[in-house]
Amino acid sequence: MGNENKISTKVLLVYMIMAYAFSFLIRMIWVWQFQDNPSFYWNDQLMINTNDGYFFAAGAQQALWDMHQSNPRIPDMSGFGLVFFTALLAKITPFSFETIILYLPAVVSSLVVIPIILTARLFNRTLWGFFAALLGAVTVSYYNRTMIGYYDTDMFSAMAPMFILFFLMKSTIDFDLKSALYAALAISVYPFLYDQGLSVVYAMGMMYAVYMIFYHRNENTTYLSLILVFVSLLPFPLAAPLSYMVKIAVVAGLYLVLQRVSLEQKKWMLIAGILFVLFLVFGNVFGIILSKVANYLSTGTKTEGLHFYSVVQTIREAGQIPFAVFAQRISGSQLGLVLALIGYIVLVLRHRVFILALPLVGIGMFALFGGLRFTVYAVPMAAMSAVYLFFVIGDFFKDKKLRYGFAALATAAMLYPNIAHIVDYKVPTVLNKAEVEDLAKLDAIADTKDYTLAWWDYGYPIWFYSDTNTLIDGGKHQNDNFIISKILQTASPDLAANLSRLAVETYVSSGYAEAADTIFKNKQKGQLDPNVLLAELEDSAYKLPAKTREIYLYLPYRMMSIFPTVMLFGNLDLTTGKPEREVVFYPTRAVKNDNGKVIFANGIRFDAQKGELLMGAETREVKQFIITQNTNEGEVKLQSQNYHMDAAYVVIYMQSYGQFVILDSRTFESVYVQMFILGKYDPVLFEPVVASPYSRIYKLKK
């Protein structure tokens, strides 16, 4: 592969600016698609489109306005770079808070073009880096997790490691200790930006050590560089952000010392070796890596103590994925991935230093088993590899214009499916304006120490918009999922009320330990039988802990589509891990009505005259057919027709939504169905405080 003449810094900057602008403008497509939709706006700005974004946004709210003071799970500004930079930008720029959290992902993630271009420039092929930057910045997986509105630390996930990779590679080429210093400084701050990627940096550090010792073991600079890198990888037992500041100071000071001290190579080797051992021991390297793997490969229920249902297998990004999806995420298509893999092999054969990128490639490959989230790490290198292959093939053309023309056309062909995906990827905001208005009404009623009980998907938005606390959320959804699921699906209002009060007060009084584990004494001496306690909680006279705060129950319409999944966690005998019963809950729509015989989109047929459901080849009798209609005042009007008193099924037509629900008679009695769909509640136990077609919020009276 022939080399270009080394380009000037001015041309280099032009390449970077063009690639950055391309990345940002492509991300603006989402804004242009939804800018005229008023239901996606709040405070005169488009809302964000990822639930997890509200976790960090709530942290920034606390840093800026002292909100969420009673919430033990709010991310601290000192420990999370995203929260720190968001708060800083809100203070020093004229942009609104909503504008900052909306656009920051695109602003930061587009920086990935810089290390891609700089890495290619190490080999005097800056144009290769430019084309690769265009592709890598907008490939499916990277785009999906860094698009405008995807306010999350993922904006640093692949961008920061590419900077680290560039400096590590540069240190092996120019053998200048300063390059290793820059790599060590980048490694030092990486956990502040993206703590979930610690195992990635560990793998890169170990690969760097293997590479340097294997190929450059006779060079003093090798061991000096490793000393800097190993120190940057060591955890400093100090509170953030002091730990990051101290580490940076130590690394910088160590660099100055290493430049001035002269020792025998064996002594440098010994020091590097000692630091490596310390890194392995105190960095808990293998523990972190193995726990990550185990977490994403785990299935089913827990085997020790009570048998709670595991959340991992219900999250799409944490499950195994088909090869076609895997390939599309990393390169835009299966052919694109094949070209990238071939390109990477050719790249390593011609420039062995690209072995240092193997951890990023390997972790990306792990996505086949671990889930979608890992594909993002491989995207930049896949882009560089594929485009490199295009330049290698282009070198067979003698004419320079044909050579670069081929590389440009091939890159454009790789870009096409990715941009087509972006145009079609019309992700809505997490909540719509009407839903946020309901939470804003709750904010006006509730105190910051109060709790809102809801499924974990809605935890972070509840923090952000209502300034109340939750029992489960996007990062805390383990055993307490059982409690919320049980509250939502129980047919006993007393159980729902008593368990709500018991869980919240136990959670707070225990110092925010897992409420379910504390209540049932899970894995402790004297472990309780949950079935006995739950039966006792159905008694209205059950003695509860003293009330210290208000509790609200949040029942949104959007939960209907996931309610069967929600029920999995509570429809469980915790002593055996087996489901208590078979649940039927099918939200659907009518596609045809033929003289009282309704055909639903899911293939089920309902004979409204006979009161029968045809489900496949079986005919099931219907107990009741109910029509609901929401009024402007937030009430629900009901019309009911009874059929077979002992039948096991109920059909509900939610007229205001054009929605049918086919469900079993026990699920029909659940809190969610009765209190949200039908608007029925026990006035002794609950008081409606917010009611709209989008959500119903009840205050617990006990």
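Residue indices begin at 1 and follow the sequence shown.
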Applying side chain to side chain contact (heavy atoms under 4.5 Å, CB included), run through Val684 and Lys701 and close with a yes or a no. CA-CA 7 Å; Val684 175; Lys701 287 187 172 182; over 6 Å; no
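- Remark: the Thr146 side chain and the Arg27 side chain contain an N/O donor-acceptor pair separated by less than 3.5 Å.
- Distance check, rounded to the nearest 0.5 Å: CG of Asp517 to CD of Gln478 gives 9.5 Å.
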Side chain to side chain contact (heavy atoms under 4.5 Å, CB included) between Thr548 and Glu505, worked out: CA-CA 7 Å; Thr548 63; Glu505 299 297 348; 2.6 Å; yes
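- The aromatic ring centroids of Trp30 and Tyr143 lie 6.0 Å or more from each other.
- A tilted orientation is assigned to the rings of Phe520 and Phe308, their planes being inclined by 30° to 60°.
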Checking side chain to side chain contact (heavy atoms under 4.5 Å, CB included) for the pair Val376/Asp154: CA distance, chi angles, key distance, verdict? CA-CA 9 Å; Val376 69; Asp154 283 341; 5.9 Å; no
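- A centroid separation of 6.0 Å or more is found between the aromatic rings of Tyr451 and Tyr552.
- Between Trp463 and Tyr460, the ring center distance clears the sub-6.0 Å criterion.
- Shown here is Asp594, whose CG atom has more than 12 heavy atoms of other residues, nucleotides or ligands within 6.0 Å.
- Screening Trp455, Tyr309, Trp456 against His477 for a ring pair (Phe, Tyr, Trp, His ring centres under 6.0 Å) leaves a single residue, Trp456.
- Taken from OG1 in Thr619 to CD in Glu621, the straight-line distance is 9.5 Å, to the nearest 0.5 Å.
- The shortest side-chain heavy-atom distance between Leu614 and Asp607 does not fall under the 4.5 Å cut-off.
- Asp539 places none of its side-chain heavy atoms less than 4.5 Å from the side chain of Asp494.
- Taking the six-membered ring where the residue is Trp, Phe563 and Phe585 present perpendicular rings, their angle passing 60° and hence far from 30°.
- The 12-atom threshold is exceeded at NZ of Lys702, counting heavy atoms of other residues, nucleotides or ligands nearer than 6.0 Å.
- Of the residues listed (Asp450, Thr468, Asp447), the one engaging Glu550 in a side-chain contact (heavy atoms from CB on, under 4.5 Å) is Asp450, and it is the only one.
- Pairs engaging residues 672-691 under the side chain to side chain donor-acceptor pair (under 3.5 Å) rule: none recorded [sequence neighbours left out].
- In this structure, Leu678 and Val636 have side chains that are not in contact, with every pair of non-hydrogen atoms separated by 4.5 Å or more.
- Summarising the geometry, atom NZ belonging to Lys476 is positioned 8.0 Å from atom OG1 belonging to Thr470; distances are rounded to the nearest 0.5 Å.
- A donor and an acceptor atom, one from each side chain of Ser695 and Asp438, are located under 3.5 Å apart.
- Within the 6.0 Å centre-distance limit, the rings of Phe97 and Trp65 are counted as a close aromatic pair.
- Going from atom CD1 of Ile627 over to atom CD of Gln639 covers 5.0 Å, rounded to the nearest 0.5 Å.
- Looking only at atom types and distance, the side chain of Thr99 has a donor-acceptor partner in the side chain of Gln45 under 3.5 Å away.
- Relative ring orientation between Tyr698 and Phe686 is described as perpendicular, the plane-to-plane angle rising above 60° on a 0-90° scale split at 30° and 60°.
- With hydrogens and angles left out, the side-chain atoms of Thr86 and Tyr151 include a donor and acceptor closer than 3.5 Å.
- By the 4.5 Å heavy-atom criterion applied to side chains, Gln35 and Tyr41 are counted as neighbours.
- The ring-ring contact (aromatic ring centres under 6.0 Å, His included) contacts involving residues 595-623 comprise Phe600-Phe660, Phe606-Phe625, where partners must be two or more places apart or lie in separate chains.
- Taking all atoms of both residues into account, the shortest heavy-atom contact from Ile484 to Ile472 is CG1-CD1, 3.6 Å.
- Counting heavy atoms from C-beta on, the side chains of Gln624 and Ser640 come closer than 4.5 Å.
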Let's go through Tyr465 and Asp443 carefully: what are the C-alpha distance in whole Å and the side-chain angles of both, what is the deciding distance for side chain to side chain contact (heavy atoms under 4.5 Å, CB included) to 0.1 Å, and is it a yes or a no? CA-CA 7 Å; Tyr465 289 113; Asp443 183 27; over 6 Å; no
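- Nearest heavy atoms, Met47 versus Tyr54: CB-OH, 4.1 Å.
- Each of Glu580, Arg666, Glu582 was compared with Asn571 under the side-chain contact (heavy atoms from CB on, under 4.5 Å) criterion, and only Glu580 meets it.
- With a 4.5 Å cut-off on side-chain heavy atoms, Asn43 and Ser96 do not count as touching.
- Interatomic distance, CG of Leu533 versus CG of Leu502, reported as 6.5 Å (0.5 Å rounding).
- You'll find the side chain of Leu306 stays beyond 4.5 Å of the side chain of Asn479, heavy atoms only.
- If you check the side chains of Thr667 and Arg581, you find a donor sitting under 3.5 Å from an acceptor.
- How far CG of Leu700 is from CZ of Arg549: 13.0 Å, rounded to the nearest 0.5 Å.
- Residues Thr448 and Gln69 bring no donor and acceptor atom of their side chains to less than 3.5 Å of each other.
- No side-chain heavy atom of Arg696 sits under 4.5 Å from any side-chain heavy atom of Met675.
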